[in-house]
Amino acid sequence: MFGISDYGAFAAAFVLLLFLPGPGNLALISSASKGGMAGGLASVLGLLLGDQILLWLTVAGVAAVLKSYPSLFTALQWAGAAYLVWLGGKMLLSKSGQGPGLQITPGYYFRETLLITLLNPKAIMFYLAFFPQFIDPVHHQGWVTFGVMAGTIAVLGFAYCFGVVWVTHHMAERIRANPKWTSWLQKLAGVCLIGFGLRMVVAK
């Protein structure tokens, strides 16, 4: 269908990949817990936009360039890792009662999640490895095929991210009543962000 060798398998594989833990999932949970539904949905839009930008950059050949020039890929890895560590450190060092030390506005969450997504070079390499597995070289329809795949990723991604935000928001309403829980979760999120950043550098 539309040059995709097995559309059902493509959709199912992407759904499974959505459940893998990573900086994007953590950003959604953090935004929804601190900024409510408005902050969470802004984070969803940032993540989806970032994914679409990376996806189309991959189609345009940027992933191949990164693969051909390891030094550029390494530089982007370090930039993404440094940004995640900076965010995590900011959350980890904020004092109890001061909140996360971050500006609580939907626009802020949108920008933060967009940057977290764009500064993850392994997402580009993921698309480079993932897409070819489901493209039918005989019935490939060029941009139409990539458009259908991109649209499918956007729809499935939105459904999953909205679910994460909705569940997190309703759980957070109960947790906010206890300042100690809020402070503990904030610092845990900070440690996880630092861990993701370091893993981006050391993982091969």
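Counting begins at 1 with the first residue of the sequence.
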Show the nearest heavy-atom pair for residues [X] and [Y], with the distance to one decimal.
| X | Y | answer |
| --- | --- | --- |
| L28 | S43 | CD2-OG, 3.7 Å |
| F14 | G157 | CE2-N, 4.2 Å |
| I116 | A27 | CD1-CB, 4.0 Å |
| T168 | S33 | CG2-N, 3.9 Å |
| V85 | I194 | O-CG1, 3.8 Å |
| L156 | A11 | CD1-O, 3.8 Å |

Under 3.5 Å, sequence neighbours excluded: what are the donor-acceptor pairs made by side chains of residues 148-155?
from	atom 1	to	atom 2	distance (Å)
T152	OG1	Y7	OH	2.7
T152	OG1	V148	O	2.8

Distance from [X] atom [atom1] to [Y] atom [atom2], nearest 0.5 Å?
| X | Y | atom1 | atom2 | result |
| --- | --- | --- | --- | --- |
| I29 | K34 | CD1 | NZ | 11.0 Å |
| F110 | L115 | CZ | CG | 9.5 Å |
| I53 | L48 | CD1 | CG | 11.0 Å |
| F158 | L41 | CZ | CG | 6.5 Å |
| E112 | L47 | CD | CG | 13.0 Å |
| N25 | S30 | CG | OG | 12.5 Å |

Legend entry - Side chain T117, main chain T113, donor-acceptor under 3.5 Å: yes
Inset, instruction - Report yes if the side chains of V15 and Y160 come closer than 4.5 Å at any heavy-atom pair, otherwise no. - result: no
